[in-house]
Amino acid sequence: MSEALRAELARVASRLGADGVEFVLERPRDAGHGDLATNLAMVLAKRERANPRATAERVIDQLRLAPDLVERAEIAGPGFINFWLAQDQLSALHRRILDEGPAYGRSISGAGLRVNVEFVSANPTGPLHVGHGRGAALGDAIGALLEWTGHAVTREFYVNDAGVQIDRLAQSLWARVRELSGYAATIPDGGYHGEYLRDNARDVLASEGAGFADLSEAEGVSRARALALRIQRQEQDRDLAEFGVRFDVVSSEQTLYDSGQVGRALELLHARGLTFDADGARWLRTTDFGDDRDRVLRKSDGSFTYLVPDIAYHIDKHGRGFDRAIDVWGADHHGYIPRMRAVLQALGYPPEFFEVALVQLVKVVRGGEELKMSKRSGEFVTLRELVEEVGVDAARYFFLMRKGASPLDFDLDLAKSQTDENPVFYVQMAHARLSGIFRTAEREPESVTGALELAALPAPQDAELLKTLATFPEVVEKAAREREPHRITVYLHELATTVHGWYHHTRAVGAPEGPDSERARLLLARAARIVLANGLALLGITAPDRM
RNA sequence: GCGCCCGUAGCUCAGUUGGAUAGAGCAACAGCCUUCUAAGCUGUGGGUCGGUGGUUCGAAUCCACCCGGGCGCACCA
């Protein structure tokens with residue numbers, strides 16, 4: 001709705017000798033300040049050390065605005081220019097929502113950019129817990145936001161299936177198998193004690209036969225390794241699928257070793273003169289690129305640190321042609337960012353190639369009490385349990401309510417409650433109520449067509465609703481740019497509030513203002529229903545027609 | 001000690017490329033059901049935006065220092 005006005009303001013800025021200057025054009029909080037307001041005059045005045053209000057007059061003099069665009073413009077406060085849009089603009093906006101339907105809010109601002117979003121990437125050593133769930137919801141939603149803004153998105157999962165953690169997993173499973181078969185066995189130091197490995201051991205004995213427990217230690221552990229990996233990966237994929245998350249690509253650390261990419265990454269860094277040898281180890285000079293200390297790549301015992309496969313992996317992503325690689329990481333890995341950034345910079349990749357979106361911890365609360373979690377003891381709330389208890393919709397909504405960098409309190413009681421206190425219910429209810437209007441009217445929403453007659457919408461709640469619908473595309477744009485899906489939940493809650501208020505104070509079916517108002521309100525309800533559904537769909541949450 | 005994140009109403013949090021009187025939900029209090037879902041709506045009270053200085057016409061937002069909380073500072077991943 002504001003594109004034409006923005007373009008005209010930019011033209012005037014250029015004409016006044018400030019080509020390309022940045023300014024804000026947005027909907028003011030206070031309705032008394034018009035439909036849109038700009039700080040352009042204040043920005044210009046600052047550059048010229050002039051009086052902002054006088055500059056605002058010059059800007060308005062230069063503006064060439066079509067009468068069907070802006071009805072009125074005036075200077076206010078310290079030098080804002082407030083605009084009141086012509087009625088035609090609001091009807092045009094409404095027409096656009098109905099025309100675009102499920103695509104309303106989409107844009108092509110990111111067209112041509114290929115983005116890899118890597119998330120969850122949990123070690124295949126046990127079930128996914130709520131922290132992984134938050135990462136899953138966040139990564140998936142960031143992917144959706146980028147798709148909505150025209151990017152070509154690949155959702156990717158990286159499996160750390162090499163290294164010592166997997167050895168311990170294999171030994172732990174082997175121990176459970178032996179134990180189950182009546183032998184004395186103990187979980188090794190640093191191994192996995194969770195109950196799930198007992199279940200896995202039972203499955204293994206069922207599928208491999210009871211003789212499996214009598215294999216030699218070496219062969220048993222070796223085969224347990226492959227079996228454990230396969231089982232854990234299957235479980236994770238099943239949990240993620242039930243959570244509504246699907247990956248386009250699953251990459252494996254072991255494959256990077258097997259293909260020689262890990263070795264070649266080390267050679268590449270060495271050939272570029274970015275390494276040095278000391279204390280029997282090979283180091284990477286990350287301090288030349290902003291890290292606070294140099295990092296070991298190859299230990300004195302000849303093995304690689306985890307950094308090397310990670311470097312190889314990012315080289316691989318770059319080689320696959322992505323313009324951006326967005327890694328969703330747990331906040332406890334934030335110290336790892338500078339060295340990764342340093343490495344990629346040393347390799348000559350553009351700085352914007354690599355991004356990290358951090359996910360903070362989730363605290364699960366029931367009855368006001370925090371549920372304590374400990375991975376060591378194997379006691380934690382799994383994603384599966386959470387979804388079984390509160391459902392996918394509530395889980396996703398709650399995970400996306402706060403920005404990823406903020407810690408999250410997940411209140412199980414609230415997520416399950418069927419009251420307006422529960423934000424996901426509140427938002428879904430708004431959609432269900434709009435659907436209810438059409439049931440009462442005995443009309444399909446799609447059958448209500450035609451131009452919106454603003455004269456037939458006299459209630460302040462009518463205009464308020466329409467203007468809230470208008471901002472959705474900007475909210476999507478900003479959320480995508482900032483990689484912040486919580487902006488969508490915040491918007492949806494605000495829209496739901498507007499819908500509930502409109503619903504309560506006005507009447508569509510049998511509108512007291514007359515049949516023209518009934519038709520107009522049905523058109524408005526149809527548009528609002530579309531926007532609620534689009535916002536929820538973007539986050540992977542259903543929009544029910546009745547509750 | 002160094003680095004990153006955070007500090008906004010009693011609680012949980014939005015708002016930060018500098019803008020107009022700092023918002024929402026919960027909790028508290030007072031109201032609203034012959035009306036399309038009261039699974040809802042309306043109103044009231046509640047703030048040194050952690051602190052101090054600075055930049056600016058204008059600071060929750062930017063800068064400096066300080067205080068408090070979380071996390072990270074391995075030849076672990």
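Values reported hereafter were calculated over all heavy atoms of this structure, with side chains retained and with hydrogens, waters and symmetry mates removed. In what follows, chains are A, B, ... by sequence order, proteins preceding strands, each numbered from 1. Small disclaimer: the values here were computed from a predicted structure and weren't measured.
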* The side chain of H33(A) lies closest to which of these nucleotides: rA39(B), rG18(B), rA20(B)? -> rA20(B)
* Asked: What interatomic distance, in whole Å, is found between P of rU52(B) and the corresponding atom of rC67(B)?
  -> 15 Å
* Is a side-chain N or O of N422(A) found less than 3.5 angstrom from the main chain of A415(A), in a donor-acceptor match? -> yes
* Asked: Given the P atoms of rC2(B) and rU44(B), what is the spacing between them in whole Å?
  -> 49 Å
* Opposite nucleotide pairing with rC4(B), Watson-Crick or G-U, both atom distances under 3.5 Å -> rG70(B)
* When all nucleic acid strands are considered with a 4.0 Å heavy-atom cut-off, which category describes R293(A): base, sugar-phosphate, or nothing? -> sugar-phosphate
* Just checking D292(A): base, sugar-phosphate only, or nothing, at a heavy-atom cut-off of under 4.0 Å? -> nothing
* Asked: Just checking E22(A): base, sugar-phosphate only, or nothing, at a heavy-atom cut-off of under 4.0 Å?
  -> base
* Structure fact -> Regarding rC33(B), purine or pyrimidine glycosidic angle vs 90° from 0 gives syn
* Can you tell which of rA77(B), rC41(B), rU37(B) lies closest to the side chain of E253(A)? -> rA77(B)
* Mapping T506(A) and G163(A) onto RNA chain B by nearest heavy atom, which one lands closer to the 5' end? -> T506(A)
* Asked: Contact class for H334(A) vs. all strands (heavy atom < 4.0 Å): base, sugar-phosphate, or nothing?
  -> base
* **Distance, rounded to the nearest Å, where M42(A) contributes CE and rA59(B) contributes P** => 13 Å
* Taking OP1 and OP2 of rU16(B), is either one under 4.0 Å from a side-chain nitrogen or oxygen of R487(A)? -> yes
* **Stepwise salt bridge (Lys or Arg N to Asp or Glu O under 4.0 Å) test for R521(A) and E513(A)** => CA-CA 11 Å; R521(A) 293 228 169 90; E513(A) 296 93 334; 3.0 Å; yes
* Nearest-angstrom distance from the residue atom CD of E484(A) to P of rA14(B) -> 9 Å
* Within the structure shown, what part of the strands sits under 4.0 Å from P512(A) by heavy-atom distance: base, sugar-phosphate, or nothing? -> nothing
* Structure fact -> Of rA24(B), rA14(B), rC75(B), the nucleotide closest to the side chain of S406(A) is rA14(B)
* **Nearest to side-chain heavy atoms of H486(A), which nucleotide of rA39(B), rG15(B), rC75(B)** => rG15(B)
* Asked: To the nearest Å, how far apart are Y306(A) OH and rC76(B) P?
  -> 9 Å
* Asked: Reckon R439(A) touches a base, only the sugar-phosphate, or nothing at all at heavy-atom distances under 4.0 Å?
  -> base
* Which residue, H493(A) or V43(A), contacts RNA chain B at a nucleotide closer to its 5' end, judged by nearest heavy atom? -> V43(A)
* Between rA38(B) and rA20(B) - C1' atom distance, rounded Å -> 37 Å
* Go through rC36(B), rU16(B), rA77(B) for me and flag the one nearest to the T440(A) side chain. => rC36(B)
* May I have the distance from L358(A) (atom CG) to rC4(B) (atom C1'), rounded to whole angstrom? => 8 Å
* To do: Figure out the CE/C1' separation between M340(A) and rG3(B), and round it to whole Å.
  => 19 Å
* To do: Could you work out the separation of rC29(B) and rC65(B) based on their C1' atoms and round it to a whole Å?
  => 43 Å
* Asked: Has the side chain of T305(A) got a donor or acceptor that lies under 3.5 Å from a partner of the other kind on the base of rC75(B)?
  -> no
* Structure fact -> Among rC4(B), rA20(B), rA77(B), the one nearest any side-chain atom of A37(A) is rA20(B)
* **Atom pair distance, as rounded to whole Å: CG in D411(A) and P in rC13(B)** => 12 Å
* Report which part of the nucleic acid A76(A) touches: base, sugar-phosphate, or nothing (heavy-atom distance under 4.0 Å, all strands). => base
* Asked: Cation-pi between R233(A) and F157(A): NZ/CZ under 6.0 Å from ring centre and within 45° of the ring axis?
  -> yes
* Structure fact -> Among rC75(B), rA38(B), rU17(B), the one nearest any side-chain atom of V24(A) is rU17(B)
* When you check the side-chain N and O atoms of W502(A) and D462(A), is any donor under 3.5 Å from an acceptor? -> yes
* To do: Mind checking A405(A) for me? I need base, sugar-phosphate or nothing, with any heavy atom below 4.0 Å counting as a touch.
  => sugar-phosphate
* When the P atoms of rU61(B) and rG51(B) are considered, how many whole Å apart are they? -> 10 Å
* Asked: With sugar-phosphate meaning primed atoms plus P, OP1 and OP2, does A432(A) contact a base, only sugar-phosphate, or nothing at under 4.0 Å between heavy atoms?
  -> base
* Asked: What integer distance in Å separates H505(A):NE2 from rA38(B):C1'?
  -> 13 Å
* To do: Look at the side chain of K478(A) and decide which nucleotide, out of rC36(B), rU12(B), rU16(B), has an atom nearest to it.
  => rU16(B)
* Counting any heavy atom closer than 4.0 Å, what does V509(A) reach on the DNA or RNA strands: base, sugar-phosphate only, or nothing? -> base
* Just checking, any donor-acceptor pair under 3.5 angstrom between side chains of D327(A) and H314(A)? -> yes
* Asked: Do R402(A)'s NZ or CZ and the ring of F410(A) fall within the cation-pi criteria of under 6.0 Å and 45°?
  -> no
* Asked: Which nucleotide in the set rC6(B), rA24(B), rC4(B) lies at the smallest distance from any side-chain heavy atom of K403(A)?
  -> rC6(B)
* Asked: K317(A) and salt bridge (charged side-chain N to carboxylate O under 4.0 Å, His left out): which partner among E156(A), E118(A), E355(A)?
  -> E118(A)
* Asked: Got a salt bridge between R366(A) and E389(A), using NZ or NE/NH1/NH2 to carboxylate O under 4.0 Å?
  -> yes
* Can you tell me how far P in rC33(B) sits from the matching atom in rG18(B), rounded to whole Å? -> 49 Å
* Asked: With respect to the phosphate group of rA39(B), does any side-chain polar atom (N or O) of R546(A) fall under 4.0 Å of OP1 or OP2?
  -> no
* **R53(A) side chain to G77(A) backbone, donor-acceptor under 3.5 Å** => yes
* **Y336(A) side-chain N/O to rA77(B) phosphate OP1/OP2 under 4.0 Å** => no
* To do: Identify the nucleotide, in any strand shown, that forms a Watson-Crick or G-U wobble pair with rA59(B), with both distances under 3.5 Å; if there is none, say none.
  => none
* **Nearest-angstrom distance, P atom, rA30(B) to rU48(B)** => 26 Å
* With a non-hydrogen cut-off below 4.0 angstrom, is F438(A) in contact with a base, only sugar-phosphate, or nothing? -> nothing
* Asked: When you measure from the side chain of A508(A), which nucleotide among rC36(B), rC75(B), rA38(B) comes out closest?
  -> rC36(B)
* Gap between atoms NZ and C1', on K46(A) and rU56(B) respectively (whole Å) -> 5 Å
* Asked: At under 4.0 Å between heavy atoms, what does D279(A) touch on the DNA or RNA strands: base, sugar-phosphate, or nothing?
  -> base
* Asked: Can you tell me how far C1' in rC57(B) sits from the matching atom in rG25(B), rounded to whole Å?
  -> 36 Å
* Would you indicate what N82(A) reaches in the nucleic acid, counting non-hydrogen atoms under 4.0 angstrom: base, sugar-phosphate, or nothing? => base
